[in-house]
Structure formats: C-alpha cells, structure tokens
Amino acid sequence: MPHDTPLISTIVGGLVLAFIFGAFAHRLRMPPLVGYLIAGVLVGPHTPGYVADQSLAPELAEIGVILLMFGVGLHFSLKDLLSVRGIAVPGAIVQIAFATLLGWGLGAFMGWSTGGSLVFGLALSVASTVVLLKALQERRLVETERGRIAVGWLIVEDLAMVLALVLIPAAASIGGEGHAPVEPLSAGLSRLFGLDLGIGGMIAMTLVKVALFVALMLVFGRKLIPWTMHRIAHTGSRELFRLGVLAIALGVAFGAAKLFGVSLALGAFFAGMVLAESELSHRAAQESLPLRDAFAVLFFVSVGMLFDPNILIDKPLPILATIFIIVIGKSVAAFLIVLAFKKPLGTALTISASLGQIGEFSFILAALGVELGLLPEEGRDLILAGAIISIILNPLLFFLCDRMRPLLDGAKREDVMADPAPAADAIAAQEEMPREDDEVHPTALSGHAILVGYGRVGSIVGQNLRSSATPFLVIEDSDKRVGDLKAQGIEILSGNAVMRETLDLANLSGARSIAIAIPNAFEACRIAEQARSVNPSILIVARAHSDAEVDELKQYGADTVIMGEREIALGMVDRLAQVHHESVPYEDGHGPDTIMPTDDPPPERE
C-alpha cells in the first residue's frame, strides 16, 4: 500500500480538527461552524504546520456544496413561503438590493471591477441557513409568526442566490470581465449564423437551458425520482435506500452540469426539491444526513483553508466596513422593512438579528467569483473574515435585541399616552398596535403528564392519553409535527427537552408523570436525570433498545423502561402459547377502544 495518501490525510486532518474546534466552539455557546472554519485556517497554506492537499480540497468541497444544496432543496417548503409571501418576498428583495448596493460601494471604493463589486455585495446580502435555523430553534421560534417570516425570508434569499449562480457565469463571459468560458450554445449559434448575441442573448440562452432543465425535472423528475425511491424502499434494504438518495443527489447535479451547463448546486437543489414532494422525503433527509454533515464540514474546512489571517492586520478598516454592512446595515434595513409592513417590534427585532450574519451561499459566491476572475482574492478573504466574525457576534445580536425590545415597547406606549387625541382615540390606537401572539408561555397545567417526542411510539401514547381525558402536553422539536399537533388542538412546546428551560416551561415540578418516547438513549438519560432532580416524586417512563440502555436509564432515575424488542418477543410468545397450548382466546388489541395513529409518522432517528 502506498504511503503517500493525500486524500486520506486531507479528509482525516480536516475532520479531526473540525471535530476538536467544533466541540470547543459549541462549549463556548457558538455555532460549530466557527470551529470548522478555524480548523480550515489551521490546515491551510497561510498558517504554519500541516497543510492539506490544495488540489483535493476544492473537489471535496464541491461534493459538500452538492449535498448541502440537496439538503436545502429537501427542506424547501413552498407552502411555508406562500404563507408569509406578503412580507418575505418584497422584504427579502429590498434587503438584498440594499446590502448588495452597500457591498458594491465598498468594492468600488477599493478599486475593484463592477462585476467583482456586485458579487461581493451579493455575498454579503444572504444569511446562513444553518446559523439562522439553529438560533430560532434554540429560542423556540421556528413555529411562531416571527420564525415563519424569518424562514420564508431566507427561502427567498436562497432562491435569489440560486438564480445568481446561474446568471453570474453567463454575465462574466461577456465584456472582458473575468475569464469565464463562453457559453457554448450561444457561441455555436454565433458561428453558425454570424450573429453577435451580446449580453442579452448570452443570458437568454442560459435561462433557456435552465428552463429546459427545470421543465424536465418538474415534468419527468417529479414522477421518476419519487417512483424510484418508492421502489427502492419496497426492497426493505436500508443500505440501498441510502445509496439511492446519494445517487440521485450526485447524479442529477452532475448530469445537469454536463447536459444543461447549469451549476452543480442548482442541479442538486432541484433534485432535493423534487424529492421533497414525496412522502419518503423525511426518511431520505435522515438517511443522507450523516454524509451530508460530513461533507458539509469538509466544505467549511476547505473554505477556511482559503482564508489568509494576515488580512486582519493588513486590512483592518475594510474588515470593519464589511462587518458593518453584514451586522448593522442588513439588520437595520430588515428592521425598517418589517416595521414598514406594520409588524410588531418583536418580529422586526427577531428578523433583523436573524439576518445579521452570512454563511454557506456567501462562500459559494465568493469561490465562484474568484474562479471566474471577477472577485479578487482580497474580496474572498474579506467575506470569510466577515462570516466568521458575524457568526460569532450573532448570539450577542439576539441578546441585544431581546434587551432592546422592552425599551422600545415602553417608548411606543408612552408616545400613545402622550398623544393629545381624545382618550377613546388613544385607546383605539393602542388596540390597533400589532400584538405578539406567538410568544412561548409556561403551561398552566398541573398534575399533568409530559410526553417527550411524538413519533411512532409517542403518537400512540399521546392519542391514548387524549382519549382517556388525561391532561398532558407534548415536547417536540420536529417543525412538521409541531404544526400538526397545533392543528389538532394539543398543547405543544417546540424545543429540545434536554434543555432545562424547555422542561421549566412544561411545569415539570407540578407534573405527575413524564413519558420519554424519543429513541435517543443519551438524551433520554439527561431528561430523566433533570426530571428526577426537579420533581423527586414524578413517575418517569422511558423506552430503550437494549439491556444496557435499560440499566442506564434506571440509573438516571427512570421508574419504568420499556424495551421494544423484549415486548415484541413476549407478545409473539404469548400468541404462540394461545395456539399450541389452547390458552385464552387471542385479542389483537386493535379494538374500538384502542386509539391508533391517524397517519404514518416518518421513521425516527436512531
């Protein structure tokens, strides 16, 4: 076996350092993404010590981009976007235009070309999906009005950036800016008919090819891809299903790039979006998640490898200007736009804090701009520095917005009271002020049951609790399940039960029982431990997959632990005994008094 293994050393070095610094960042309550970028800086050519292979890293990053965009497509929800389209669509467009204008101004001031300045501005205008969703989930805001607006806003930004990835190469191949390859179809038509199509023709040809690809995916792909996945699922092979998901993501992306000349990212996005319409989309997302996460980490590491830390010393003022555009410029613009739509102050502050950072698409645009010769490497370094610093500052931005909200609310009420209008008009004006109806409040239940998780097991437990008129609430972190439970009128807390704040909102000290129906034994042990410490008399029921998990859960305070495999075996033994030993008649338990799940919940994470 050869000792020179650059691929293995690059993957191992990147993942190991990403794990170390990602864990350290998480310990400091920062997104692990910061640690991944720092790991990339350390294995890059601009820092001493080990240097990863500079030719392999970009290709690994390209796979990361494909899987990252495939995941974005899988989670793309047209329904969520349409529910907030009145503010998300115009708001995101105006905010993108404003931030792009600021970035273009900074680039022009530094002497860059018009194309490079526009790419720089676009990269500063789009927020990170990973960072935004994590921040909303930690604050239990995903299913609130503010959360839906923020997510819808982000979807519009993502769609705009997907369009930019298509148009930038076409525009770069014209007018002498950059060194992008000439669009082949328009070049062939020019040679054949002797026509100079110009920039309009080049962009039109690019859009035609994109339209053909989109039409092919919507007409044939939306039928063929789900049909293929259903056929694979019916084989019962989890390995083949996982391989099929990856083959579709990578195959569609590669085919779209070769046959239609569109970007790999766009092909992967549409593959995920088409598959998202299938009822197997949740399972596809879960099966592909480990590999998507691994290559996404390598993508961020490869991005960090490109960053030259010396720019922090050589260009401090441009870095401050970049951070100002990201953290202040974008946030103030979003705040004013939301207020212009007469939304509450809390909503405006949440949206502005959510967008005060940049991430994945910014890196993709920066890499594309440098590759096409539009954006100088200095611009890429400014984008990377702005991303790292803005992601670190984002939790602080949320903290400041939370502190500012009571002050702004108080000032607004004082303005209403100081108005010399008649008292009736003042009261009416105050009543017309937008109200925050999406706040997460502590439950009013007492002597109730707490159900953690509403998957295949939790749904049966919850529906039987409901049929027996037992007061209970559910703690769930799946956005889809949260929405379904709210529609059924079941009290729900959106969040992770491992967090003490979530358990406090569920009135753990006043509850009589807690059923931990999630399959993750590590999280279940932490929940049981906290429940026992807060309420020593509470009944704790949990589930397990092995004898070791049973012992561990009981050690951490669980009173009763049900192991699924053992219960299944006992049920089978009992049924066999009824037949072979003529025992009592068999009852299958599916009588009229037994409540079964009304739908087929998606497979749970193992």
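Since this is a predicted model, take the numbers as computed values, not measurements. In this chain, residues are counted from 1 in sequence order. Only heavy atoms go into these numbers, but all of them, side chains included; no hydrogens, no water, no symmetry mates.
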For I475 and T502: C-alpha separation, side-chain torsions, deciding distance, then whether side chain to side chain contact (heavy atoms under 4.5 Å, CB included) applies.
CA-CA 8 Å; I475 300 176; T502 304; 3.7 Å; yes
For the residue pair T235 and S237, confirm or rule out a side-chain donor-acceptor distance under 3.5 Å.
no
With no hydrogens and no angle check, do the side chains of S537 and N535 hold a donor and an acceptor under 3.5 Å apart?
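Indeed, the side chains of S537 and N535 share at least one donor-acceptor pair under 3.5 Å.
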Taking all non-hydrogen atoms of both residues, which atom of [X] and which atom of [Y] are closest, and how far apart?
X: V252; Y: G267; value: CG1-O, 3.5 Å
X: L553; Y: A544; value: CD1-CB, 4.1 Å
X: G557; Y: I540; value: O-CD1, 3.5 Å

Rounded to the nearest 0.5 Å, the OG atom of S509 sits from the CD1 atom of I538 at a distance of 9.0 Å
Using the ring of each side chain (for Trp, its six-membered ring), is F300 parallel, tilted or perpendicular to Y36, with breaks at 30° and 60°?
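Taking Y36 first and then F300, their aromatic rings lie parallel (interplane angle under 30°).
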Decide yes or no on side chain to side chain contact (heavy atoms under 4.5 Å, CB included) for F70 and V245, but give the supporting numbers first.
CA-CA 10 Å; F70 179 71; V245 173; 3.7 Å; yes
Side chain to side chain contact (heavy atoms under 4.5 Å, CB included) involving F21 - partner list, sequence neighbours excluded:
L17, I38, A39, L42
Could you check I450, I527, T443 and say which one makes a side-chain contact (heavy atoms from CB on, under 4.5 Å) with L508?
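It is I450; the other options fail the test.
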Start with the C-alpha gap between V126 and S362, add the side-chain angles, then the distance that decides, and say whether side chain to side chain contact (heavy atoms under 4.5 Å, CB included) holds.
CA-CA 7 Å; V126 58; S362 305; 3.6 Å; yes
Heavy atoms, side chains only, cut-off 4.5 Å: are Q463 and Y454 in contact?
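They are in contact (side-chain heavy atoms under 4.5 Å apart), so the answer is yes.
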